[in-house]
K.L.:
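First, the structure itself, so that you have it in front of you.
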Amino acid sequence: MAPMQRESGFALPVSIFVVTLVTIMLAAIFVRVEADRRIAEGSGVTINAVAIAHSGLQRYFAHYDSLGTRPPDGDSLRINVSGGYADVVAYFMQRPADTTANRMYVVRSTGVVIDPLLGSDPQARRTVAQFARWQTGTMDVLAAFTAANEFDPPVDDPGTLDIRGADQCGMRPPAAGVRVPGSAPAYPPGVTGTPPSQDGGTHLFVANLTDVDWSAVLGGDFVPDYTALVNLNTWSSYLIDGDAILNTPDGSGFLVVTGDLTIGGAGSAWRGVILVGGNIIFGGTTNDFRGLVISGLNYQTGPVPDDGVWGGDGTVTRIWYHSCFIDSALVGVSGFAPIPNAWVDNWSTY
């Protein structure tokens, strides 16, 4: 009978191998989880840095908009925000020969995330940039009311039309009462007020004489506060694309209407500047405008606007030159106008 052979044990080595393999897998999982956690934290901090940079950019714009003064080339400002700060720098991109003309800027903002629990060292940085144009609010005052498209009286009684070129604020020399093309009567019938109006030139000549760059306004260079007639007593700026109806007892600011403007209902009162591409129909019972009114600016670009119409039986229309109200309205249109589709969120990589 052959002797029995000793069988070698294999359960223990297999168990050790399995335990080792499981340990390696668990360690790999823990490493992956920690890496994912760090990536998530890093992504979150980076997002915070972008938010801080964007907040600093907007606060920089708001700061100079409130001042109404254009920043110099290379101007820099540190803006403290929740969770860190933003270093903002503005550089000229275009320098027009006319020092009063609008200038192009690139405004760069670097957002820095600070966690007080981790010390003063930045946890993340991100730089964004915005191309913007500085809008300068200036107006040449030809008259209290400049109508490049002329004005026709209504068929019946025109009512009372009171236009005054004397500065009601008393700060500047008087302007003309009315400025119309040479083909129109110097003073429409029934108008009162001093000093006398001026006339002369073609419709296009009068429209260009206002120095309003109407093509730039229509092309998007003018960025308003509102594109609808809302919050009308806030000295804001408004750009209405097309025709508009104004019926407010107390409006103020810089109003631009690309089409026709109709004053309806009981009438309207407006302090500031009104620019109209087409005609104005003063159909309200009482129309009271203090500042500056211009109509017929579409003569610069087309189509040719109709003649305006004022008043009617028993109506009262006042247009009085007021330099202080003009200046107040222009404050709302002086400042940075960000250029659409010109925001960069990875400026530092360029």
Side-chain angles (χ1 to χ4, degrees), residues 47 49-79 81 86-111 125-139 210-228 230-231 234-242 253-259 273 275 277 297-298 300-301 329-350:
I47 292 174
V50 173
I52 290 173
H54 190 65
S55 176
L57 196 67
Q58 297 306 313
R59 293 192 184 189
Y60 182 85
F61 288 161
H63 171 70
Y64 276 100
D65 288 351
S66 64
L67 293 179
T69 57
R70 184 178 61 194
D73 187 24
D75 179 67
S76 62
L77 189 66
R78 172 165 290 187
I79 300 174
V81 299
D87 287 328
V88 186
V89 183
Y91 294 102
F92 288 156
M93 293 298 291
Q94 291 180 346
R95 298 171 182 259
D98 183 358
T99 58
T100 64
N102 294 341
R103 295 201 174 188
M104 180 83 73
Y105 284 82
V106 58
V107 184
R108 187 189 67 199
S109 177
T110 300
R125 294 177 182 267
R126 191 64 179 266
T127 300
V128 302
Q130 172 72 60
F131 288 87
R133 182 178 289 105
W134 178 264
Q135 293 182 159
T136 302
T138 59
M139 292 292 300
T210 63
D211 276 345
V212 175
D213 190 347
W214 195 240
S215 61
V217 172
L218 299 180
D221 283 358
F222 172 57
V223 180
D225 296 318
Y226 302 102
T227 56
V230 296
N231 298 329
T234 56
W235 290 106
S236 301
S237 58
Y238 309 85
L239 175 59
I240 311 303
D241 187 13
F254 195 93
L255 173 61
V256 179
V257 178
T258 65
V273 176
L275 305 181
L297 288 168
N298 281 341
Q300 293 186 13
T301 58
L330 291 176
V331 169
V333 297
S334 296
F336 277 111
I339 298 174
N341 301 318
W343 184 72
V344 184
D345 68 350
N346 57 346
W347 183 261
S348 59
T349 65
Y350 277 50

K.L.:
Does the side chain of Pro338 come within less than 4.5 Å of Phe131's, by heavy atoms?
P.N.:
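Side chain of Phe131 against side chain of Pro338, heavy atoms only: no contact under 4.5 Å found.
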K.L.:
Can you list the residues that meet the side chain to side chain contact (heavy atoms under 4.5 Å, CB included) rule with Ala228, with sequence neighbours excluded?
P.N.:
Val230
K.L.:
Kindly give the heavy-atom pair with the smallest separation between Ala132 and Phe61, and that separation in Å.
P.N.:
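Heavy atoms of Ala132 and Phe61 come nearest at CB-CZ, 4.1 Å.
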K.L.:
Who are the side chain to side chain donor-acceptor pair (under 3.5 Å) partners of Ser55, not counting sequence neighbours?
P.N.:
none
K.L.:
Can you sort out the partners of Asp241 under salt bridge (charged side-chain N to carboxylate O under 4.0 Å, His left out), two or more places apart, ordered by chain and number?
P.N.:
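Partners of Asp241 by the salt bridge (charged side-chain N to carboxylate O under 4.0 Å, His left out) criterion come out as none, since no residue qualifies.
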K.L.:
Please tell me if the side chains of Arg126 and Thr110 come closer than 4.5 Å, counting only heavy atoms from C-beta onward.
P.N.:
no
K.L.:
Go through the structure and list residues passing side chain to side chain donor-acceptor pair (under 3.5 Å) with Tyr226, not counting sequence neighbours.
P.N.:
Asn231
K.L.:
Just so I know, are the side chains of Gln130 and Val106 near enough to count as touching, which here means a heavy-atom distance under 4.5 Å?
P.N.:
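No, side chains not in contact.
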K.L.:
Check whether any side-chain heavy atom of Val212 lies under 4.5 Å from a side-chain heavy atom of Leu275, and answer yes or no.
P.N.:
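Yes, at least one pair of side-chain atoms sits under 4.5 Å.
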K.L.:
Which residues satisfy the salt bridge (charged side-chain N to carboxylate O under 4.0 Å, His left out) test with Asp87, sequence neighbours excluded?
P.N.:
Arg78
K.L.:
Between Phe336 and Pro71, what is the shortest heavy-atom contact and its length?
P.N.:
CZ-CG, 3.5 Å
K.L.:
For the atom pair CD1 (Ile47) and CD1 (Ile52), what is the distance rounded to the nearest 0.5 Å?
P.N.:
12.0 Å
K.L.:
So Thr227 and Tyr238, do their side chains get closer than 4.5 Å, heavy atoms only?
P.N.:
no
K.L.:
Run the side chain to side chain donor-acceptor pair (under 3.5 Å) test against Thr210 and tell me which residues pass, sequence neighbours left out.
P.N.:
none
K.L.:
State which residues pass salt bridge (charged side-chain N to carboxylate O under 4.0 Å, His left out) with Arg59; sequence neighbours excluded, sorted by chain then number.
P.N.:
none
K.L.:
Could you tell me which residues satisfy ring-ring contact (aromatic ring centres under 6.0 Å, His included) with Trp214, sequence neighbours excluded, listed by chain and number?
P.N.:
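With sequence neighbours excluded, Trp214 shows a ring-ring contact (aromatic ring centres under 6.0 Å, His included) to no residue whatsoever.
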K.L.:
Quick one: pull up CG in Leu239 and OG1 in Thr258 and give me the separation to the nearest 0.5 Å.
P.N.:
7.0 Å
K.L.:
How far apart are the closest heavy atoms of Trp134 and Asp65, and which atoms are they?
P.N.:
CZ3-OD1, 4.3 Å
K.L.:
Would you find a donor on one side and an acceptor on the other, under 3.5 Å apart, between the side chain of Asp225 and the backbone of Ser237?
P.N.:
yes
K.L.:
What residues, two or more places apart in sequence or in another chain, satisfy side chain to side chain contact (heavy atoms under 4.5 Å, CB included) together with Ala51?
P.N.:
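Side chain to side chain contact (heavy atoms under 4.5 Å, CB included) list for Ala51, sorted by chain: empty.
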K.L.:
Would you sort out whether Phe254 and Trp235 count as a side chain to side chain contact (heavy atoms under 4.5 Å, CB included), showing the intermediate values?
P.N.:
CA-CA 7 Å; Phe254 195 93; Trp235 290 106; over 6 Å; no
K.L.:
To the nearest 0.5 Å, how far apart are CD1 in Ile79 and NE2 in His63?
P.N.:
8.0 Å
K.L.:
Under the side chain to side chain contact (heavy atoms under 4.5 Å, CB included) rule, what do Arg108 and Thr127 come out as? Steps first, then yes or no, please.
P.N.:
CA-CA 7 Å; Arg108 187 189 67 199; Thr127 300; 3.3 Å; yes
K.L.:
Which heavy atom of Val223 sits nearest to which heavy atom of Ala337, and what is that distance?
P.N.:
CG2-CB, 3.6 Å
K.L.:
State, yes or no, whether a side-chain contact exists between Tyr60 and Val107 at a heavy-atom distance under 4.5 Å.
P.N.:
yes
K.L.:
Taking the side chain as every heavy atom from C-beta outward, state whether Ile240 and Val256 have any pair of such atoms under 4.5 Å apart.
P.N.:
no
K.L.:
Do the side chains of Val89 and Asp75 get nearer than 4.5 Å, heavy atoms only?
P.N.:
no
K.L.:
Of all residues at least two apart in sequence or in a different chain, which pass the ring-ring contact (aromatic ring centres under 6.0 Å, His included) check with Phe92?
P.N.:
Tyr105
K.L.:
My understanding is that only residues two or more places apart in sequence, or in another chain, count here; which of them pass salt bridge (charged side-chain N to carboxylate O under 4.0 Å, His left out) with Arg133?
P.N.:
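Arg133 satisfies salt bridge (charged side-chain N to carboxylate O under 4.0 Å, His left out) with Asp221 once adjacent residues are dropped.
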K.L.:
If I compare all heavy atoms of Gly253 with all of Ala329, which pair ends up nearest, and what's the gap?
P.N.:
O-CB, 3.3 Å
K.L.:
Please list, chain by chain and in numerical order, all residues satisfying side chain to side chain donor-acceptor pair (under 3.5 Å) with Ser76, sequence neighbours excluded.
P.N.:
none
K.L.:
Does Ser109 reach the main-chain N or O of His54 with its side chain, forming a donor-acceptor pair under 3.5 Å?
P.N.:
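Looks like no, no N/O pair under 3.5 Å.
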